[in-house]
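Naming convention: chains lettered A, B, ... in sequence-line order (proteins, then strands); numbering from 1 in each chain.
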Amino acid sequence: MSSYEMLNPAQQEAVCHVDGPLLILAGAGSGKTRVLTHRVAYLIEECDVNPWNIFAITFTNKAAREMRERVDAIVDFGAEDVWVSTFHSACVRMLRRFGDRIGWDKRFSIYDTDDQKMVMREVCKQLEIDTKTMKERAILSEISSAKNEMIGPEEYKKLAGRDFRKLRIADAYAAYQERLHHNQAMDFDDLLLQTVELFKQAPDVLEFYQDRLRYIMVDEYQDTNSVQFELVRMLADKYRNLCVVGDDDQSIYKFRGANIRNILDFEKHFPDAKVIKLEENYRSTKTILNAANAVIRHNNGRKEKTLRTENEEGTRISFHQYQNEYEEAEGIISDIQRTMRTEKADYSDFAILYRTNAQARALEEKFVYAGLPYRVVGGVNFYQRKEIKDMIAYLKVIDSGIDDVSVRRIVNVPRRGIGVASLQKAADFAENSGMSLFEALRGADRIPELKRSAAKIHVFTDLIQVFRAKAEYMNLSDLYDSILEDTGYLAELQEEETDEALTRIENLEELRNKIVEYEEGSENPDLSELLEQIALVADIDNVAEDDDRVLLMTLHSAKGLEFPHVYMSGMEDGLFPGYMSMVSDDPDEIEEERRLCYVGITRAQKTLSLSCARTRMRQGERQLNPVSRFVREIPKELIDGRVPSKNAFRAFDDDDGGYAFTAPDPAPAYAPRREKSKPAFKYEIDSFIKKGSQMGGTEPDYGEGDRVSHVKFGQGTVVSLEKADNDYNVSVDFDKFGVRKMKASFSKLKKI
DNA sequence: TTACGCCTCCTTTTT
DNA sequence: GGAGGCGTAA
C-alpha cells in the first residue's frame, strides 16, 4: 500500500487528478517520477482502474524499467499489467500485431542510420544524384524532418515548389520509401509515422487501443515530436485521460524533431487541461540550484517558474581552466581521488559530463592511466561495431530474407569470392523480376549472367537455409554459436591474432551474453523480438545501478539521472555552446544549448565542478577556446575559482612560458570551409602537450616485471619482452584481461 | 577480385 | 585524428 502523505501538496494534487487532461510542469529534481509512480498506484488502488488500462510512455528503456520496478514496489497487485514502454517499442509492438492492415509484413525489420545510409546511397546512384554536392546524410536528415512533421513524399514534392534541391530530395524521398517498403524495413521515424498511418486507415484498430489504453501518461513530454503528439492525441481522443509530465527548460532534442510547442501549447490543444507546477527541488543544494536558475533565466519564451529548495546551501561551484584536455582530465581525476579520500563516496557517485562524445577519449586515457574504474556511456555504440552488425545481419537474413541491405552486408563476409559485379547482376535480375535479392541469389544457377559464380553464391544461400532449419529447433544462443562456427567468421578472427581481432572476439562474446540474457528474461524467446530489442536499445539502458564506476557521458545521455558529484567538462565557447549555435540566425539554437547546460547543472546533488581547456584537439587541429559564456552567466559569488575576463584570449598572457599566440580568427577550424591548403590557423604546439599522452621511439622504457598500462586493457605486469624484426614482442598479464601478447610499437604501453 | 593506400570530410546530441 | 570512400595495382 502506498502512502500519499509523503507527497507535497502540489504532488498530491497531481497524483489525485484522475479524469481529463493534465499537464504537470515538473522542474528538475522535483520528484516527477515519484508523482508518476504514485499516480499509477492511486489509479489502481483508489480508483479501481484496471492496471491493464494504464499506459506509461517513457523516453528510454532504462526509465521504463525503473518505473516498472518502482510501481511494482508500491502497488500490491496487478502492477505487471501496466504497460510501460518507450514510444518506439510500443509502436513496434502495435505494428507487429496490426501492420499487415497497411501492407507491412509482420516481421518487418528496423533500419539504423547505417542501413539508412546504404539505402540512400543506392537511391542516389539510381537517380544520379551527385553525393558530393548533396550528401546522403543531408538528404536523410531532410527526410527525417519531413517525417517528423508527418509530411509524406507527395506532399513534400508539392511543398518543394520550384526549388530544384528540394525537388531532387522529393524524388529521393519517394525512391527511399519505395525501397524501404520493398525491403519490408522501417527507419526509426517510420515506426511512429506508420503507427499513426495505421490508426488513420484502420479506425477499429485505433479504437481497440483507445479502449485498452484509457489512462495515458507521457514522461519527458517536452521532447516529443509532432508525430508522437499526434499518436498520443489519437489514443487519448476517446477517454481524454491524458497526463503529460515535462519541463520546457529541459527540452534538448530539437535536432531530432522534438517540438517544444507540444508542451508550451498543451493548454491550447486541451483547453480543459489542468496545469500543476512542481517547483520544489529535492535533489540539489541551494548553490547548485541558484546557478541553474541564473543560467536558464537568460532564455526567452519559457514557462515562468523558479525552482526552490529546502536543502542546505552546499559548497560553491568549482571552476578551473586547464591548458589542454589532458590536463583537464588529470585535474578532474585527482579531484575525484581527493574527494574519495576526504568523504565517504563510491566511484558511482561521480559523473563526468561533456557536450560531444569525442571528449571521452582524453578522459578515458587518463582514467586508464590512473587505474580508476569508469564506464563510457554511448559513443561508438556496441551495436554499430562491424562484427556485431555482421552477426545481426546474419540473424536478420535468417529471420526474414526480404531485407536486401542485410543480405548485401553478409553475402561475402567472410569472403566467399562473390564480388560486386556478380552481386549487381543478381540485384538487376531481382529488380526486373520483382523478387528479393535473396530469392534471386537462391536461383542463381538460373540466371545466365551468373553462370560462373553461381556455385559460390549457393554456398551462401545453402548456409542460410541450413541456419533457417536450425532456427526451427535450436535456441537462439545455439543458433548464434552455429553462425559463428559454420560461417568461419570466428575462425578467421582467431587466426588473425591481433589486438583488434581479440577485441572483436570479445565483442562477439558480449553479444552472445546479451542473447542469453534475452533468452533468460523472456517467456517465449523469438528471433524477431530479439532483433527488435537490439534495434531499440540505447547505451544508457545498459548501465547497471550497482556498478561502482565513474560514469562518463554526454549531457544528453545524462538527462533524467542524478549524481552526488557532477563534473561538466569542456565548458568552452565553440564547444559548449557549439560553434554552429553561436553563429546561427536562429536564437533558439543557443537557447537549446543553454537548456542543455541547465540539464547538466541540475544533475548534481552535492557538488558541481566546471572545467575547460584553453586548447583542445578537434578534428585534427588544435583549437584555442575561450571560456563558455554559460560559466559567466553563473553569479560570481557562487563560483570558487577565477573566471577569466570576457576577452578570453588574453588569458594566454599569464603563464604560457614562451608560447606566444596572436589572437586568432575567431572562426574555429570547421567554420565555412576554406581552401584546404591553408588553414586559418594551426598551432604547432602538439609536442608541448604530448607529455603523458604518447610514447614515441621504438625502444620500450619498460621491462619484465614492470607495471604498465594499456589504453584498452588497463593495468598489468610485463611477463616477457623480446626483440623481433624491428619491433618488440611484449607479453603482459593484465589484471582484468589476463595475458596478452602484442607488438610494443602498436600497444602503446605506458610504464607506471 | 581484393587489398592497400590516398583523399576527403567531418555538426553535436539519439530513439 | 580517424573513418569511410574510391581508385589503382597486383
Side-chain angles (χ1 to χ4, degrees), chain A residues 57-64 85-92 110-114 117-118 121 131-132 135-138 141 144 148 186-192 220 223-225 227-228 251-258 325 353-359 361-362 377-381 383-384 386 412 415-423 452-453 456 532-541 553-559 570 574-584 589 592-593 595-597 599-600 616-623 668-673 676 686 693-694:
Chain A
I57 305 171
T58 59
F59 200 69
T60 61
N61 294 297
K62 181 169 189 268
S85 163
T86 64
F87 269 107
H88 293 267
S89 305
C91 286
V92 169
I110 300 166
Y111 276 3
D112 65 15
T113 45
D114 288 348
K117 203 179 158 202
M118 294 304 280
R121 270 183 72 184
T131 53
K132 285 217 171 72
K135 305 257 169 314
E136 294 98 328
R137 291 262 308 275
S141 108
S144 175
N148 283 326
M186 296 192 202
D187 61 23
F188 283 125
D189 300 318
D190 278 337
L191 296 177
L192 306 168
E220 307 284 8
D223 286 320
T224 53
N225 63 29
V227 192
Q228 289 166 331
S251 165
I252 54 172
Y253 280 98
K254 191 180 173 209
F255 72 93
R256 143 181 145 186
E325 65 269 40
L353 311 181
Y354 37 78
R355 178 69 238 269
T356 68
N357 279 309
Q359 288 167 252
R361 200 163 276 150
V377 177
V380 190
N381 193 323
Y383 291 102
Q384 284 174 326
K386 266 190 231 77
N412 198 34
R415 289 193 187 79
R416 301 186 177 92
I418 305 168
V420 272
S422 317
L423 202 59
R452 256 180 300 149
S453 33
K456 293 174 187 166
E532 134 194 349
Q533 286 209 357
I534 287 173
L536 299 177
V537 290
D539 201 26
I540 190 72
D541 295 335
M553 69 185 109
T554 63
L555 290 150
H556 281 88
S557 293
K559 189 172 79 152
L575 183 63
F576 186 39
Y579 174 72
M580 294 306 277
S581 72
M582 284 164 56
V583 296
S584 168
E589 292 219 7
E592 173 131 330
E593 298 275 309
R595 290 193 288 271
L596 195 52
C597 183
V599 166
R616 180 180 297 274
M617 203 63 166
R618 264 188 104 189
Q619 291 169 189
E621 284 180 352
R622 183 146 288 278
Q623 272 178 218
Y670 54 86
R673 206 67 189 173
K676 61 174 165 35
D686 281 5
S693 66
Q694 189 187 324

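Between A:Ile252 atom CD1 and B:dT13 atom P the separation is 12 Å, expressed in whole Å. Regarding A:Tyr354, its OH atom lies at a distance of 13 Å from the C1' atom of B:dT12, rounded to whole Å. If you measure from atom CZ of A:Arg137 to atom P of C:dG4, you get 11 Å, rounded to the nearest angstrom. Residue A:Asp189 contributes atom CG, which lies 16 Å from atom P of B:dT14 at whole-angstrom precision. Distance CZ (A:Arg595) to P (B:dT13): 18 Å, rounded to an integer number of Å. Atom CG of A:Asn61 and atom P of B:dT15 are 8 Å apart (whole Å). Rounded to whole angstrom, the span from the CZ atom of A:Arg622 across to the P atom of C:dG1 amounts to 10 Å. Rounded to an integer number of Å, the gap from CG of A:Asn357 to P of C:dG2 is 15 Å.
A donor-acceptor pair under 3.5 Å is formed between the side chain of A:Glu592 and the backbone N or O of A:Lys254. A donor-acceptor contact shorter than 3.5 Å is absent between the side chain of A:Tyr111 and the backbone of A:Phe188.
Spacing of C1' atoms, B:dT12 relative to C:dG5, comes out at 23 Å, to the nearest Å.
An OP1 or OP2 oxygen of B:dT14 is reached within less than 4.0 angstrom by a side-chain nitrogen or oxygen of A:Ser557. One finds a side-chain N or O of A:Gln619 lying less than 4.0 angstrom from the OP1 or OP2 phosphate oxygen of B:dT12. Between A:Asn412 and the phosphate of B:dT2, there is a side-chain N or O to OP1/OP2 separation shorter than 4.0 Å. In this structure, A:Arg618 does not reach the B:dC10 phosphate: none of its side-chain N or O atoms is under 4.0 Å from OP1 or OP2. A close approach under 4.0 Å does occur between a side-chain nitrogen or oxygen of A:Thr554 and OP1 or OP2 of B:dT14. OP1 or OP2 of B:dT1 sits under 4.0 Å from a side-chain N or O of A:Ser422.
Distance from the side chain of A:Lys117 is smallest for C:dG5 among the nucleotides B:dT13, B:dT1, C:dG5. Nearest nucleotide to the side chain of A:Met617, out of B:dT1, C:dG1, B:dT15: C:dG1. Each of B:dC10, B:dT14, C:dG5 was ranked by its minimum atom distance to the side chain of A:Arg121; first place goes to C:dG5. In this structure, of B:dT14, C:dG5, B:dT15, it is B:dT15 that holds the atom nearest to the side chain of A:His88. With distances taken from any side-chain atom of A:Phe188 to the nucleotides C:dG1, B:dT15, B:dT1, the minimum falls on B:dT15.
When the nearest nucleotides of DNA chain B are assigned to A:Ser141 and A:Phe87 by heavy-atom distance, the more 5′-ward of the two goes with A:Ser141. Position along DNA chain B of the nearest nucleotide to A:Arg415 versus A:Glu593 favours A:Arg415 as the more 5'-ward residue.
Backbone-only engagement by A:Gly417 is indicated by non-hydrogen atom pairs under 4.0 Å involving sugar-phosphate atoms exclusively. Heavy atoms of A:Phe576 sit nowhere under 4.0 angstrom from any nucleic acid atom. Among the protein residues, A:Ala358 comes within range of no part of the nucleic acid, since none of its heavy atoms lies under 4.0 Å from any strand.
Aromatic stacking is marked for A:Phe255 over B:dT13, as both cut-offs hold: 5.5 Å for the centres and 30° for the planes.
Using a 4.5 Å cut-off on side-chain heavy atoms (C-beta onward), A:Gln623 and A:Leu575 make no contact. Within the 4.5 Å cutoff, no side-chain heavy atoms of A:Thr224 are placed close to those of A:Tyr253.
Closest non-hydrogen pair, A:Gly417 versus A:Asn412, comes out as N-OD1, 3.2 Å. Closest approach of A:Thr113 to A:Gln384, counting heavy atoms only: OG1-NE2, 4.2 Å.
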